[in-house]
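Bear in mind that the values here come from a model prediction, so they are computed numbers and not experimental data. One-based numbering along the sequence shown. Because only heavy atoms are used, hydrogens play no part in the values below, and waters and symmetry mates are left out as well, while side chains stay in. When a ligand or atom number is given, it counts from 1 through the structure's own listing order.
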Amino acid sequence: MKFSYPGIIERYWDYLPVSDKTPIISLNEGSTPLIKSVYLSVKYGCELYFKFEGLNPTGSFKDRGMTLAISKAKEAGAKAVMCASTGNTSASAAAYARRGRMRCIVVIPDGKIALGKLAQAMMHGAEVLAIAGNFDDALDVVKYITSNYEIVLVNSINPFRIEGQKTGAFEICDWLGDAPDFLFIPVGNAGNITSYWKGFKEYKEKNISEALPKMMGWQAEGSAPIVRGRVIENPETIATAIRIGNPARWKEAEAAAKDSGGKIDMVSDEKIIQAYKIRALNEGIFCEPASAASVAGLIKEADENPEMLKGKQIVCILTGHGLKDPDIAIANSPEIISVKKDYDQIKKALNL
Ligand code: F0G
């Protein structure tokens with residue numbers, strides 16, 4: 001008897017580089033909902049859906065790629081895996097590595113990782129190294145160690161990560177019956193936009209879908225190397241998940257935007273926070289700030305170019321759950337009201 005949907009490896013077995021020798025290390029990831037927008041779709045006259053990847057087992061889209069990367073590492077006999085991370089990759093790697101009985105080492109930028117993500121990596125028993133530097137420095141360290149020791153790199157340079165993450169595109173096509181007109185997605189290390197584009201193309205090549213979406217990738221203004229066309233030495237943004245100055249999949253992301261007729265653009269932190277609140281307050285969906293970059297991008301396009309999106313079918317990828325970063329949520333909300341159990345005081349506080 002099946003108690004829930006199986007994970008992405010079993011669901012998309014024929015589309016993935018797996019065989020009967022592959023041990024499936026899964027937490028039943030994927031099958032995330034495509035939630036219809038009730039506010040922005042009405043405001044901008046489009047058919048908009050949010051793909052809520054924050055509902056994956058460790059709270060982000062990383063689980064799709066990690067189930068495959070860890071399963072393949074196990075198949076190859078690995079005893080240890082390692083990644084650099086702005087937080088979500090480390091949380092996912094730690095959970096799946098532990099399930100696969102492997103050692104997990106993560107390197108994070110000191111002080112720049114959201115609390116929830118750190119708690120996950122620690123709770124799943126990862127060995128956490130906090131480096132004085134940014135994500136790009138952390139990735140250099142991981143590349144060095146994994147090329148000199150028997151430790152498997154599980155960042156999205158690892159091709160199995162891309163293969164797993166492309167299943168997000170399959171799910172969208174399976175649900176909608178075809179690819180949407182536009183896909184809005186945040187861009188950090190650029191693995192996810194690369195994966196989605198690969199997934200959409202594969203479904204079209206196999207005649208499962210007919211259309212291809214325009215890929216609209218969004219970076220934060222202070223961390224927008226692709227948009228600015230140069231490495232950013234000291235990337236900054238409130239959306240720490242995408243605080244990356246030299247994306248590993250830079251060229252692939254550019255190709256996805258160009259070949260699809262889309263683009264890679266940027267939004268300010270102020271607009272990211274605005275979108276973060278709009279989505280929570282008007283759509284009822286709580287995602288971390290990096291996931292708001294794609295929504296901020298959508299709002300920017302719709303305001304600047306209303307005709308482009310009108311009547312179109314659009315999917316916005318919400319990459320990580322809001323609970324990952326409680327500090328930002330609390331800092332951007334009204335203060336709580338402390339009261340005694342005194343009904344006059346309570347009525348006054350509530351304007352009743
Ligand atoms: N959104 C979230 C919530 C992320 O954690 C990331 C990347 C992205 C978007 C960007 O995706 O890198 O594939 O372009 N987080 C990585 C990490 C870098 O270490 O967790 P990308």
Side-chain angles (χ1 to χ4, degrees), residues 32 51-56 58-66 69 82-95 106-109 112-114 116-118 120-121 126 128 131 134-139 142 153-158 161-162 164-166 168 183-198 215-220 223-226 235 237-254 256-257 264 267 272 275-276 286-297 316-325 328:
T32 55
K51 182 139 179 78
F52 196 0
E53 287 289 281
L55 294 182
N56 272 298
T58 76
S60 87
F61 70 95
K62 306 285 179 180
D63 295 342
R64 291 180 186 276
M66 206 55 75
M82 186 173 188
C83 64
S85 184
T86 56
N88 282 323
T89 301
S90 62
S92 185
V106 305
V107 188
I108 56 169
K112 296 288 184 181
I113 153 165
K117 304 174 187 179
L118 189 59
Q120 289 178 288
V128 182
I131 188 168
N134 56 39
F135 171 85
D136 307 287
D137 298 311
L139 189 55
V142 171
L153 178 152
V154 291
N155 280 103
S156 58
I157 309 168
N158 179 327
R161 286 277 313 280
I162 303 296
Q165 283 172 210
K166 76 183 179 188
L183 188 92
F184 281 72
I185 185 166
V187 174
N189 211 23
N192 212 25
I193 190 170
T194 302
S195 310
Y196 270 88
W197 183 232
K198 185 167 198 288
M215 302 293 286
M216 310 288 279
W218 296 90
Q219 302 195 295
S223 306
I226 302 178
T237 169
I238 193 158
T240 52
I242 52 172
R243 187 175 165 271
I244 293 175
N246 188 12
R249 297 273 181 184
W250 185 320
K251 290 278 163 296
E252 291 93 326
E254 272 182 341
I264 299 194
V267 279
I272 289 176
Y276 175 65
F286 184 28
C287 287
E288 66 171 284
S291 304
S294 52
V295 181
C316 210
I317 307 296
L318 304 182
T319 45
H321 202 286
L323 290 171
K324 294 270 192 178
D325 200 340
I328 300 274

Carefully, step by step, assess Ser92 and Arg64 under the rule side-chain hydrogen bond (donor to acceptor under 3.5 Å, both in side chains). CA-CA 9 Å; Ser92 185; Arg64 291 180 186 276; over 6 Å; no

Among Thr240, Asn88, Thr319, Thr58, find the residue that satisfies the side-chain hydrogen bond (donor to acceptor under 3.5 Å, both in side chains) test when tested with Lys324. Asn88

Please identify which of these residues, Asn189, Asn246, Val107, Ile244, meets the side chain to side chain contact (heavy atoms under 4.5 Å, CB included) condition with Leu139. Asn189

Walk me through whether Phe52 and Cys287 qualify under side chain to side chain contact (heavy atoms under 4.5 Å, CB included). CA-CA 8 Å; Phe52 196 0; Cys287 287; 3.4 Å; yes

When you look at Glu53 and Lys62, which way does the salt bridge (charged side-chain N to carboxylate O under 4.0 Å, His left out) test go after all the steps? CA-CA 9 Å; Glu53 287 289 281; Lys62 306 285 179 180; over 6 Å; no

Passes side-chain hydrogen bond (donor to acceptor under 3.5 Å, both in side chains), Lys51 versus Thr32? Steps please. CA-CA 7 Å; Lys51 182 139 179 78; Thr32 55; 2.8 Å; yes

Sorted by chain and number, the residues that approach ligand 1 to under 4.0 Å with a heavy atom: Phe61, Lys62, Ser85, Thr86, Gly87, Asn88, Thr89, Pro186, Val187, Gly188, Asn189, Ala190, Gly191, Asn192, Ala241, Ile242, Ile244, Glu288, Ala290, Thr319, Gly320

